[in-house]
**Q** 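Before I ask anything, let me first share the structure, which is written out below as structure tokens.
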There are 2 protein chains.
Amino acid sequence: MLSRASKYAILSTLYLAEHASKEKKMSVKKIAEAIDVPSPFLAKLFQQLVHAKIISSIKGPKGGFFITKKNGEKTVCDIIENIDGLHKLNECFLGLNECDGENPCPVHFIVEPFKRNILGKFRDKSIMEFSKEVADNGRFLTLKHLDLD
Amino acid sequence: MLSRASKYAILSTLYLAEHASKEKKMSVKKIAEAIDVPSPFLAKLFQQLVHAKIISSIKGPKGGFFITKKNGEKTVCDIIENIDGLHKLNECFLGLNECDGENPCPVHFIVEPFKRNILGKFRDKSIMEFSKEVADNGRFLTLKHLDLD
DNA sequence: AAATAAAAAGACCTTTTTATCTTTTATTTA
DNA sequence: TAAATAAAAGATAAAAAGGTCTTTTTATTT
């Protein structure tokens, strides 16, 4: 449904939102290590996110990435739109070109409510709100293998 | 979520279930045309499905693919398992390695019920039952651009 | 038996996605 | 102002997915 690129972008943006600010910028390398994604790949993604004004960056020593108040008003939808394109979230689960209430695929009425639900979540909550929720609930965002015992 | 290969395999198996039988076998070419998928690619997929005893085939003139009563007892889950592997249906929506009720990703509680739902549908209904449902509801299974006006 | 039709098998090609490497540019600090 | 640091930009490489082609095998029909 989502490409790995979008997933990386979402996770690292949420990570940024929680852990960085204009006063505490973070380098790609640190973020990549924290959530365990390949750092040159993440660097590329961040270029796109900066371009789309979803995150901010400053070059040079003490530089890095961070999220401004304005950035934080963007949504996860904006991330997906800029990396994968929103259609990726809307495609028919079985790949039919025309699949809607009028002409549904065999699983349309199972998939459709889910899509509406997740799209709503991604569109109606700002990244800052989303990030706050994640932090409040103590959720991890890393791809690392957690050692829970 | 599902690869194109799995989607092709599901659609064409359901198509077979509805339109072919031991008495009326169908060639790859005809099926590929009917649902508009690349026929050499479908041929490859069908090899795997025959191997997994999800569909049957006879070589030579008047040969082709069809579904026996025994075949029809298999499920869509079986198809997915043989083409993509079932894990594809179970992966975390945001790509986290460990994502469950104990340690949920930010959208886990939206995604999990949906996954249970669709997995149930794919596992508890046989291909024959599934196909009957599709036929009864007059659903189309083609990837073609339908001319509805 | 020969011709033919269809699937099986396997090699091969193309495109997309994922990932890396190198060079350039901007910023800071000593 | 030089050295160091970090992102930007762009070229390249590797892997996976998607798709095609050719040859072989099997079965049927004439």
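Per chain, numbering begins at 1; letters A, B, ... match sequence-line order.
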**Q** Looking at every non-hydrogen atom in both residues, tell me the closest pair between Met128(A) and Ala17(A) and how far apart they are.
**A**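 Heavy atoms of Met128(A) and Ala17(A) come nearest at CE-O, 3.4 Å.
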**Q** Report yes or no: does Asp84(B) contribute a side-chain atom to a donor-acceptor pair with the main-chain N or O of Ile80(B) at less than 3.5 Å?
**A**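 No, Asp84(B) side chain to Ile80(B) backbone: no donor-acceptor pair under 3.5 Å.
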**Q** Output yes when a side-chain donor or acceptor of His51(B) lies under 3.5 Å from a complementary backbone atom of Gln47(B), and no otherwise.
**A**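 Such a contact is absent between His51(B) side chain and Gln47(B) backbone.
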**Q** With a 3.5 Å limit on both atom pairs, tell me what dC21(C) is paired to, counting Watson-Crick and G-U wobble, or say none.
**A**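 Result: dG10(D).
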**Q** Within the structure shown, what part of the strands sits under 4.0 Å from Ala43(B) by heavy-atom distance: base, sugar-phosphate, or nothing?
**A**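 Nothing, no heavy atom under 4.0 Å.
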**Q** Please tell me whether Phe66(B) and Ile55(B) are part of a single hydrophobic cluster in this structure, the criterion being side-chain heavy atoms less than 4.5 Å apart.
**A**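 As far as the 4.5 Å side-chain criterion goes, Ile55(B) and Phe66(B) are not connected within one cluster.
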**Q** Could you tell me how far apart Lys7(A) (NZ) and dA19(C) (C1') are, to the nearest whole angstrom?
**A**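 After rounding, the reported distance stands at 17 Å.
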**Q** Reading DNA chain D from 5' to 3', where do the contacts with chain B start and stop? Cut-off is 4.0 Å to heavy atoms.
**A**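 Endpoints of the contacted stretch of DNA chain D: dG18(D) to dT29(D).
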**Q** Apply salt bridge (Lys or Arg N to Asp or Glu O under 4.0 Å) to Glu33(A) and Lys29(A), showing your working.
**A** CA-CA 6 Å; Glu33(A) 273 165 16; Lys29(A) 199 155 165 283; 3.7 Å; yes
**Q** By nearest nucleotide on DNA chain D, pick out whichever of Ser3(B) and Val28(A) is the more 5' one.
**A**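 The 5'-side residue here is Val28(A).
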**Q** What closest approach, in Å, do Leu16(A) and Met26(A) show between heavy atoms, and which atom pair accounts for it?
**A**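 Where Leu16(A) meets Met26(A) most closely, the heavy atoms are CD2-CB, 4.3 Å.
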**Q** Would you say the side-chain atoms of Lys115(A) pair up with the backbone N or O of Glu91(A), donor to acceptor, closer than 3.5 Å?
**A**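 Yes, Lys115(A) side chain to Glu91(A) backbone: donor-acceptor pair under 3.5 Å.
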**Q** How would you label the contact of Ser39(A) with the nucleic acid (heavy atoms, under 4.0 Å): base, sugar-phosphate, or nothing?
**A**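 Result for Ser39(A) = nothing.
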**Q** Shortest non-hydrogen contact from Ile58(A) to Lys25(A)?
**A**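 Scanning both residues, the minimum pair turns out to be CG1-CE, 3.9 Å.
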**Q** Classify the nucleic acid contact of Pro38(B) as base, sugar-phosphate or nothing, counting any heavy atom under 4.0 Å across all strands shown.
**A**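 Contact class for Pro38(B): sugar-phosphate only.
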**Q** Any idea how Phe130(A) and Phe122(A) line up, ring-wise: parallel (<30°), tilted (30 to 60°), or perpendicular (>60°)?
**A**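 Phe130(A) vs Phe122(A) ring planes: tilted.
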**Q** Do any of residues 57-88 of chain A sit with a heavy atom less than 4.0 Å from DNA chain C, and if so which?
**A**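 Residues of residues 57-88 of chain A that come under 4.0 Å of DNA chain C are, in numerical order, Lys59(A), Gly60(A), Pro61(A), Lys62(A).
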**Q** If I compare all heavy atoms of Thr13(A) with all of Ala9(A), which pair ends up nearest, and what's the gap?
**A**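 The pair with the smallest heavy-atom distance is OG1-O, 2.7 Å.
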**Q** Any sub-3.5 Å donor-acceptor pair from Asn90(B)'s side-chain atoms to His87(B)'s backbone N or O?
**A**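 Such a contact is absent between Asn90(B) side chain and His87(B) backbone.
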**Q** Under 3.5 Å, which N/O atoms of the protein pair with N/O atoms of nucleotides 10-13 of chain C?
**A**
unit_1: dG10(C); atom_1: N7; unit_2: Lys44(B); atom_2: NZ; d: 2.2
unit_1: dG10(C); atom_1: O6; unit_2: Lys44(B); atom_2: NZ; d: 3.3

**Q** Suppose we define a pair by two distances each less than 3.5 Å, Watson-Crick or G-U wobble; what does dT28(D) pair with here?
**A**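 The answer is dA3(C), by the H-bond criterion.
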